[in-house]
Amino acid sequence: MEKLGIFGGTWEGRQLAEFCQERGFLAVISVATPYGARLLREDQYLTVHAGRMDGQAMCRWIKENQIRQVIDATHPFAGQASENIREACKALRVSYQRLLREESQYQGKEQGKEQDNGRGGGSSSGDSLKGEIFWVGSVEEAAIFLERELACHQERKALLTTGSKELFSFARIKEGADRLYARVLPSPEGLKACREAGILESHIIGMQGPFSYQMNFAILQHTQAFYLVTKESGRPGGFQEKVDAALDLGCQVIVVGRPKREQGKSLAEIKEQLEKEWKGQEKPAGSEKDSKSGSKGESKGESKGESKVKREILLVGMGMGALGSITWEGIEAILGSDGLLGAARMVKDAMAIREGEGRKEGLTCITYHPQEMLAWLERHPEVKRPVVLYSGDPGFYSGAASFMECLKGKGMPYRCRIIPGISALSYFGARIGKSWDKVKAVSLHGRDGEEDWSLRDQRERFVLLDGTERLRFLCRELIRLGQENALLWVGERLSYPQERLISGKPEIFLDLEFGTLLAAWVIPASS
């Protein structure tokens with residue numbers, strides 16, 4: 001059967017792939033890396049190909065998959081890839097359509113806030129420098145501009161956020177290469193590109209975006225970067241948040257402008273076009289709802305007579321709380337949802353993400369009880385893409401397990417998929433510079449637990465807490481069982497602007513007051 005071919009692991013490409021799955025359009029999507037493939041979900045309607053292709057490989061792929069129409073959703077800066085796709089479609093006489101990313105329309109804070117940014121490199125008079133934007137035509141021009149600036153100002157540093165493929169352009173900066181930081185995807189390709197460009201391993205920031213204003217602000221502060229190098233990548237690339245944070249810190253922002261304007265259509269226009277052109281296509285065998293007997297067309301993993309899956313429920317980890325700690329996959333799930341369920345704080349944060357993208361529609365259910373969530377879903381069959389929100393990581397001391405058990409017990413025809421977030425354990429360990437591969441995780445959230453606080457096994461403990469009294473209980477137990485000299489790290493409101501980290505022996509925490517968003521890291525006295 002003929003299929004729709006999509007090129008590009010971009011945000012728009014993934015949105016288009018999910019749209020095809022929802023509508024039942026047969027599609028195949030090509031992404032450059034295995035990392036990009038992991039952000040997509042294959043099913044009877046969508047097949048994912050991972051790996052870069054030249055023009056000849058593209059022609060073979062189009063032929064083998066019987067593609068009758070191609071949508072080019074590659075990155076705005078992937079000029080060579082788009083040219084190869086156009087040539088392949090022309091050679092095979094296959095319909096080609098370019099999907100254009102929405103322009104950022106950045107209004108431009110021509111000046112940032114006047115404040116002491118603490119990064120050095122100020123004027124001789126001691127005045128605080130104001131943030132400025134410098135536009136260049138290519139990554140090569142940005143590298144030349146930055147090389148000249150760093151040569152004139154030996155104490156300044158730079159954060160590169162142009163992507164790993166263009167890092168080789170900055171290899172020209174030999175003197176002072178230790179003043180360059182690079183933020184790239186945490187993939188083997190990204191790390192290799194950093195090494196080949198001469199970026200020190202300690203200066204590589206491997207993270208998946210998009211990044212909030214707060215996260216950009218924190219990274220710029222941490223690296224003490226005076227220059228930010230970025231592409232004008234549009235709203236999905238987090239351009240606005242990057243530049244705002246940099247200007248407010250007094251950074252000089254070097255922006256690589258968009259390539260020449262292309263002809264094409266927006267994501268909304270492409271979707272409307274596909275609705276008209278693909279609506280009546282033939283479906284794959286077994287994909288349609290079966291006859292009343294229900295004896296055919298079971299989905300994978302269903303036995304005869306079982307109920308058909310009505311809809312998929314996404315269980316999304318919101319990270320530690322601040323919007324910068326949720327993954328890109330989690331943000332996409334929230335943006336694509338028409339029903340959000342969870343505790344009030346989680347739903348409020350998710351709605352802020354949606355409103356930031358101009359998406360205010362959709363229903364909400366404020367509860368953390370699985371039975372109430374499932375009852376709400378039954379009352380709202382019009383909700384086709386429900387998302388249940390959890391703090392941290394749904395796989396780490398989360399209510400997600402209770403939800404799935406409840407779902408299984410009731411035998412309801414839903415399928416669940418977990419989208420992990422950043423757990424308190426991994427975040428806290430990173431903040432205090434501790435490895436968490438051997439630490440023992442304990443939860444005292446709402447319970448005293450049965451842990452041996454004499455710590456005879458000499459293992460470090462990560463402890464989830466629900467407030468001051470539970471922390472005091474932990475400290476009293478440590479003192480009572482001979483661990484009065486253990487070292488504690490206590491973290492409150494992790495990832496939030498009000499984050500507080502305190503270290504010391506158990507005794508010092510007996511008189512301190514904390515809120516409810518609390519965790520501790522315990523290091524035995526003799527370890």
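The structure displayed is predicted, hence computed values, not measured ones.
Residues M58 and I85 form a side-chain contact, since some pair of their non-hydrogen atoms from C-beta on lies under 4.5 Å apart. Contact check for D349 versus M318: side-chain heavy atoms found under the 4.5 Å cut-off. Counting heavy atoms from C-beta on, the side chains of E241 and F217 never come closer than 4.5 Å. You'll find the side chain of L46 stays beyond 4.5 Å of the side chain of V28, heavy atoms only. Within the 4.5 Å cutoff, no side-chain heavy atoms of S337 are placed close to those of L314. Residues F428 and F462 meet the side-chain proximity criterion, which asks for heavy atoms closer than 4.5 Å. The shortest side-chain heavy-atom distance between I313 and F403 falls under the 4.5 Å cut-off. Side-chain contact between K271 and L16: present, with at least one pair of heavy atoms (C-beta onward) separated by less than 4.5 Å.
Nearest heavy atom pair, residue M351 against residue L340, reads SD-CD1, 3.6 Å. Scanning both residues, N65 and W61, for their nearest heavy atoms gives ND2-O, 2.9 Å. Counting all heavy atoms, side chain and backbone alike, G5 lies closest to I67 at N-CG2, 3.5 Å. When all heavy atoms are compared, the tightest approach of L180 to F170 is CD1-O, 4.2 Å. Between V256 and A142, the shortest heavy-atom contact is CG2-CB, 4.0 Å. Across all their heavy atoms, I173 and A143 have their closest contact at CD1-O, 4.1 Å.
The SG atom of C194 sits 13.0 Å away from atom OH of Y181, with the distance rounded to the nearest 0.5 Å. Residue S391 holds its OG atom at 12.5 Å from OH of Y368, rounded to the nearest 0.5 Å. Here the straight-line distance linking atom CG of L160 with atom NE2 of H203 works out to 11.5 Å at 0.5 Å rounding. Between atom CD1 of residue I418 and atom CG of residue D393 there is a gap of 8.0 Å, rounded to the nearest 0.5 Å. Distance check, rounded to the nearest 0.5 Å: OG1 of T161 to CD1 of I254 gives 10.5 Å. Rounding to the nearest 0.5 angstrom, the gap separating the CD atom in Q69 from the CG atom in L274 is 6.0 Å.
Looking at E42, its side chain does come within 3.5 Å of a backbone N or O of V48 through a donor-acceptor pair. S164 places no side-chain N or O within 3.5 Å of a backbone atom of V184 that could act as its donor or acceptor partner. Between the side chain of E141 and the backbone N or O of G137 there is at least one donor-acceptor pair closer than 3.5 Å. A donor-acceptor pair under 3.5 Å links the side-chain atoms of R354 to the main chain of L335, judged by distance alone. D338 places a side-chain N or O within 3.5 Å of a backbone atom of K384 that can act as its donor or acceptor partner. For E196 (side chain) and A193 (main-chain N/O), no donor-acceptor pair under 3.5 Å exists by modelled atom type. A donor-acceptor pair under 3.5 Å is absent between the side-chain atoms of E272 and the main chain of A268, judged by distance alone. No donor-acceptor pair under 3.5 Å is formed between the side chain of S426 and the backbone N or O of I422. A donor-acceptor pair under 3.5 Å is absent between the side-chain atoms of R98 and the main chain of Q263, judged by distance alone.
Within a 6.0 Å sphere centred on CD of E201, heavy atoms belonging to other residues, nucleotides or ligands number 12 at most. For K165, the NZ atom sits in a loose shell: 12 or fewer heavy atoms of surrounding residues, nucleotides or ligands are nearer than 6.0 Å. Other residues, nucleotides and ligands contribute more than 12 heavy atoms inside 6.0 Å of the CZ atom of F134. Within a 6.0 Å sphere centred on NE2 of H380, heavy atoms belonging to other residues, nucleotides or ligands number more than 12. Few gaps surround CD on E83; more than 12 heavy atoms of other groups in view lie less than 6.0 Å from it.
Screening R86, Q80, E87 for a side chain to side chain donor-acceptor pair (under 3.5 Å) with N84, the sole residue that qualifies is Q80.
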>> Would V388 and V316 count as a side chain to side chain contact (heavy atoms under 4.5 Å, CB included) here? Give the steps.
In response: CA-CA 6 Å; V388 181; V316 175; over 6 Å; no
> Should Q371 and H369 be marked as a side-chain hydrogen bond (donor to acceptor under 3.5 Å, both in side chains) after you check the CA-CA gap, both sets of side-chain angles, and the distance that decides it?
Replying inline: CA-CA 6 Å; Q371 296 89 344; H369 296 293; 5.2 Å; no
> Would Y227 and C251 count as a side chain to side chain contact (heavy atoms under 4.5 Å, CB included) if you check the C-alpha gap in whole Å, the side-chain angles of each, and the deciding distance to 0.1 Å?
Replying inline: CA-CA 6 Å; Y227 301 98; C251 289; over 6 Å; no
>> Assess the residue pair R23 and E275 against the criterion (salt bridge (Lys or Arg N to Asp or Glu O under 4.0 Å)); give the C-alpha distance rounded to whole Å, side-chain angles, the decisive distance to 0.1 Å, and a yes or no.
In response: CA-CA 8 Å; R23 297 297 192 272; E275 283 276 25; 2.6 Å; yes
> Stepwise, does the side-chain hydrogen bond (donor to acceptor under 3.5 Å, both in side chains) test hold for Q21 with D43?
Replying inline: CA-CA 8 Å; Q21 290 173 301; D43 63 9; 3.2 Å; yes
> Checking side-chain hydrogen bond (donor to acceptor under 3.5 Å, both in side chains) for the pair E232/W135: CA distance, chi angles, key distance, verdict?
Replying inline: CA-CA 9 Å; E232 196 280 281; W135 293 85; over 6 Å; no
> After noting the C-alpha distance and the side-chain angles of E312 and R41, does the key distance pass the salt bridge (Lys or Arg N to Asp or Glu O under 4.0 Å) rule?
Replying inline: CA-CA 12 Å; E312 183 178 59; R41 175 178 55 86; 3.3 Å; yes
> Can K231 and E166 be said to form a salt bridge (Lys or Arg N to Asp or Glu O under 4.0 Å), step by step?
Replying inline: CA-CA 11 Å; K231 292 177 178 176; E166 284 82 6; 3.0 Å; yes
> Going through the checks in order, is the side chain to side chain contact (heavy atoms under 4.5 Å, CB included) test met by L228 and L249?
Replying inline: CA-CA 11 Å; L228 170 70; L249 273 168; over 6 Å; no
>> Does R172 form a salt bridge (Lys or Arg N to Asp or Glu O under 4.0 Å) with E140? I'd like the steps, not just the answer.
In response: CA-CA 10 Å; R172 62 180 293 129; E140 290 76 16; over 6 Å; no
> Under the side chain to side chain contact (heavy atoms under 4.5 Å, CB included) criterion, do L374 and L407 qualify, and how do the steps go?
Replying inline: CA-CA 8 Å; L374 292 174; L407 189 66; 3.5 Å; yes
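Taking the six-membered ring for Trp and the full ring otherwise, Y45 and F25 have centroids separated by 6.0 Å or more.
Cation-pi geometry between R183 and F211 is met: the NZ or CZ atom falls under 6.0 Å from the ring centre, inside 45° of the normal.
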